[in-house]
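For this chain, numbers begin at 1 and follow the sequence in order. Both counts, for ligands and for their atoms, begin at 1 and track the order of listing.
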Amino acid sequence: MRYPGGKGKTYQHVINVMPPHAVYIETHLGGGAVMRHKRPAIRNIGIDADLKVIAAWSAEEIPGVEVVHSRAEDFLAHFDFHGDELIYLDPPYHPQVRRRTRVYSLDYSAEDHKQLIALLVSLPCMAILSGYANDLYNDSLVGWHTRTFHAKTHTDVREETLWFNFEPPKILHDSRYLGADFRARQTTKRRLQRLQDKVKRMDPIERAVFSQWLDEEYSSKVQSVAR
Ligand SMILES: C[S@@+](CC[C@H](N)C(=O)[O-])C[C@H]1O[C@@H](n2cnc3c(N)ncnc32)[C@H](O)[C@@H]1O
């Protein structure tokens, strides 16, 4: 399944801002590139208002993913949040920043976006929203952090923004895609691999001392960040 704005080539950027979470909710699932690539949470829920999308996912039956046919707004308004949830929202682009007028079979008017954002800012959990910068998001998501990345469209390259309502994480739910692009990810991977090889080659007693030091120096900090 391919969508204008589908995250098939850019899911890494979204996964790289995700802090640890117990429940993952993706509200405008479509092809669900992020859901498919990220490390699963304890509970994983995908929502889409289009029956065709739900039918495609149901035929595939990805283990551990609950797929729900609903409007995102209805689902979020009634979900029983505990605070350990992370929602990722990738709604159709806002009409103000869209080049073609109608690109999805189920569309979002400016009013739909307004309602979604009003609901979003009231939710008691972590959330990441993606899209092109527009007045509504810029004016409503005051105090939210942003990160941008470039994404190829069928005609050119455009800047996408991620808005998120938590501090940029010091530890990630899934660190396999660390790095801004393919080259940076390869470099990071190789650097970490060299470090791991070095630790593997250490004298066992020295390694135990090193491991204890790592624990004392970083474990409690990592846990307090994760909480
Ligand atoms: C931009 S696409 C999502 C692309 C997806 N991130 C991917 O990687 O393929 C938008 C999706 O939102 C769905 N949608 C439209 N209105 C919706 C609503 N009110 N609630 C939930 N999903 C909706 C559409 O059916 C479509 O699948």
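Arg183 and Asp181 are not joined by a salt bridge, as no carboxylate oxygen comes within less than 4.0 angstrom of a charged side-chain nitrogen. Ionic pairing of Glu206 and Arg201 is not present here: no N-O contact between side-chain nitrogen and carboxylate oxygen is shorter than 4.0 angstrom. Salt bridge Asp74/Arg71: present, at least one basic N to carboxylate O contact under 4.0 Å.
At a 4.0 Å heavy-atom cut-off, ligand 1 touches Leu29 through the backbone alone. In Tyr108, the part holding a heavy atom less than 4.0 Å from any atom of ligand 1 is the side chain. Contacts of Val34 with ligand 1, taken as heavy-atom pairs under 4.0 Å, are absent altogether.
Residue Gly31 places at least one N or O, backbone or side chain, under 3.5 Å from an N or O of ligand 1. Residue Tyr88 has no N or O atom closer than 3.5 Å to an N or O atom of ligand 1.
Between the side chain of Asn165 and the backbone N or O of Ala127 there is at least one donor-acceptor pair closer than 3.5 Å.
A continuous path of ILVMFWY side-chain contacts below 4.5 Å connects Val67 to Ile62, so both sit in one hydrophobic cluster. In this structure, Val209 is not a member of the same hydrophobic cluster as Tyr218, with clusters built from ILVMFWY side-chain heavy atoms closer than 4.5 Å.
Interface atoms of ligand 1 facing Gly32, defined by a heavy-atom separation under 4.0 Å, are 7 (C), 8 (O), 9 (O). Near Asp50, meaning under 4.0 Å from any of its heavy atoms, are these atoms of ligand 1: 25 (O). The atoms of ligand 1 that sit less than 4.0 Å from any heavy atom of Ser70 are 20 (N), 21 (C). Taking every non-hydrogen atom of Ala49 and a distance limit under 4.0 Å, the qualifying atoms of ligand 1 come out as 17 (C), 18 (C), 20 (N), 21 (C), 22 (N), 23 (C). Within ligand 1, counting atoms from 1 as listed, the ones closer than 4.0 Å to a heavy atom of Lys7 are 7 (C), 8 (O). Near Thr27, meaning under 4.0 Å from any of its heavy atoms, are these atoms of ligand 1: 21 (C), 22 (N).
The closest approach between Glu73 and ligand 1 falls below 4.0 Å for a heavy atom of the residue.
For the pair Val23 and Ile42, the minimum side-chain heavy-atom distance is 4.5 Å or more.
The side chain to side chain contact (heavy atoms under 4.5 Å, CB included) test with Lys38 singles out one residue from His173, Gln12, Glu26, and that residue is His173.
The option with the heavy atom closest to atom 20 (N) of ligand 1, from among Gly6, Ala72, Ser130, is Ala72.
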Verdict with reasoning, Tyr11 to Tyr177, per ring-ring contact (aromatic ring centres under 6.0 Å, His included): CA-CA 9 Å; Tyr11 57 85; Tyr177 306 104; 5.5 Å; yes

